[in-house]
Each structure stands twice: as structure tokens, then as C-alpha cells.
Protein chains: 2
Amino acid sequence: MRWTPQRERALELLLRAGGPVKAYDLVATFQPGGQTAPPTVYRALDALVELGLAHRIASRNAYVACHRHDGEAHAASFLFCDCCDAVEEFEAPVGEVMAAIKARGGFQLRAMTLEAHGRCSRCQD
Amino acid sequence: MRWTPQRERALELLLRAGGPVKAYDLVATFQPGGQTAPPTVYRALDALVELGLAHRIASRNAYVACHRHDGEAHAASFLFCDCCDAVEEFEAPVGEVMAAIKARGGFQLRAMTLEAHGRCSRCQD
DNA sequence: ACAGTTATGTTATAATGTATCGCGTCCGCA
DNA sequence: TGCGGACGCGATACATTATAACATAACTGT
């Protein structure tokens, strides 16, 4: 797995956004002057996810830079407000869950995503 | 929220499948003799999810009937094999996680989905 | 009956994601 | 240093997934 300008560019855009970004937003902004084909962006994003530098937020069709830099496998956990579309990352205590998966045997865990949906404090009217 | 033939039909198909089903598979099989427009199916599925009778598996663009019939809010948890595409539902111990969300305050939890990716026992070669 | 809400049908289109093929580039190795 | 294989990128076309918008129908409470 190599480190390339495309991947650096994708990561740069994710970091600058500071939150979830849709693939086609990246497609639009990837090249300052022109158009980039979707496969280019998707490949870069897939690589970042593979490298552990970003997460895919499946329920939003979006990507976000990973805020942890220790390279350790961890659960990406998010709180979604179904009302105002806010997304907040948080550190979920998934020790029990990991233990349960290990205990059931036969499954080699690679990555875990936790998505909690509800209402943020501002939307509880 | 009413109980309607469309929603019953959708749930019936999900239950019969016994596993994740894609929306457009339902579109194809919804009406035995003819064609159903996508919005009809998506609306029925959205309603089932809203009613807690089904879950959406975001990372697979699929839906699955909820196997719990107590109507209690719970975490839908799945193990995905990235190699052979098998999906297994399991009961994740998310007590700690729920507690952590409650402890941080200001977020009213409605539903939680946990997706674990890795390799199933058959694919560890 | 009436008014308001909820559900459905229909058409078209938007948004998201991939297959494929060809070419270039990098890397290890003899 | 030349070769071979793996990896990465560009480009085109296409497949898949999901929704907007609008009109009509059905249910619900009063």
C-alpha cells in the first residue's frame, strides 16, 4: 500500500472539512480547476479506510477522517441526530462487545462501526 | 402509524428471506404479477424500520426483519465477513455503550446499529 | 359530512457506486 | 540494468440505490 498524491489530497480534504464528507463532494473539489472521475475519489477513500486513516459512515454515505493517530484498530462510533442531521463522533466503550465476539469464536474482527441514532440536545422539543 | 397491506407484504418478504434483502429485490418481487415503483417499497421499508419491525443494514444497502418481538429498543448487531459476504446477526452486549451515551447527557437515544467487519471461520486461510 | 392527516400511485430524476480496459509507474530481483 | 509483476491512475460507460414532486385515495376524529 503506497502513499500517493491522490490519497494525500483526499485525506487533506477530509481533515479540512473536520466532519463527514460525501464522496461526490470530494469529486467536485478534488481538483481545483477541473473534474475528477468518481473512481479516482472512491479509490483514494477506500485506501484511506484500508490504512485506518478514515472511516466510512455507511448510514450517511459519507467519509470522515479518523481522529486517532495511534493506528490501533478501534471502533468508530457516532451519534446521529435524526432531526437536524448533526453528527458527533464519540469514544464508545466497546470492550464488552469485543469480548463477546472473541468469546463466540471463529470470527476474526477487523473493524467495528457503531452508529447511534436519536435526537441531540437542541432538537428535543 | 397504520398497519397496511404494503407494510405487511414487505414484512412478509423480509421474514421469508430470513436474512438481509436489498430494496430492489423487493421491488422485483413485491407484486407477484407486475411491477412496483421503488418509492412504494422504500416507504414500506421505512415504516417497518420506524415501527421497529426491521433494521436497515447501511453498509450493505439491505434490510432485515427484526428477530425480537418484544418491541423493546435494542441494538441491531451484525458480523460481516468481508471475504465471503456472509452476514450473521448477534446479540451484542451494549449495556456499557448505552450507559456511556446516557452519561454524556443531552442525547436521546432511539436506535443503535453495530456493524463488525472481519473474517468468518470459513475464510481464515 | 368535514377537515386534517396519513398512505399510495406515478413519473421522472438525482445520487451513489462499479466494471472494465489501457497505460504508466514503482519495486524487487537476477 | 533490464525485466516482470504488482500497484496505481485516467477515462468511459454503466449499474445500483434512493428521492422529489405532485396528484389521488383512504382513514380518523369531531
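Here the structure is a predicted model, which is why all the values come from computation and not from measurement. The chains referred to below are lettered A, B, ... by the order of the sequence lines, with proteins before strands, and numbering in each begins at 1.
In this structure, B/L45 places its CG atom 14 Å from C1' of D/dT19, rounding to the nearest Å. Following rounding to the nearest Å, A/M1 (CE) and D/dG8 (P) show an atom-to-atom distance of 6 Å. Distance, A/R9 CZ to D/dC9 C1': 17 Å, rounded to whole Å.
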> What does nucleotides 8-27 of chain C look like as a protein-contact string, B for base, S for sugar-phosphate only, - for none, at under 4.0 angstrom between heavy atoms?
Replying inline: BBBB----BBBBB-----B-

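Pairs engaging residues 33-42 of chain A under the side-chain hydrogen bond (donor to acceptor under 3.5 Å, both in side chains) rule: A/Q31-A/T36 [sequence neighbours left out].
The side-chain contact (heavy atoms from CB on, under 4.5 Å) test with A/V41 singles out one residue from A/L13, A/L26, A/D25, and that residue is A/L26.
Within 6.0 Å of the CD atom in B/E50, the count of heavy atoms belonging to other residues, nucleotides or ligands does not exceed 12.
Among residues two or more places apart in sequence or in another chain, the ring pair (Phe, Tyr, Trp, His ring centres under 6.0 Å) test is passed with B/Y63 by none.
Side-chain atoms of B/S59 and B/E115 include a donor-acceptor pair closer than 3.5 Å.
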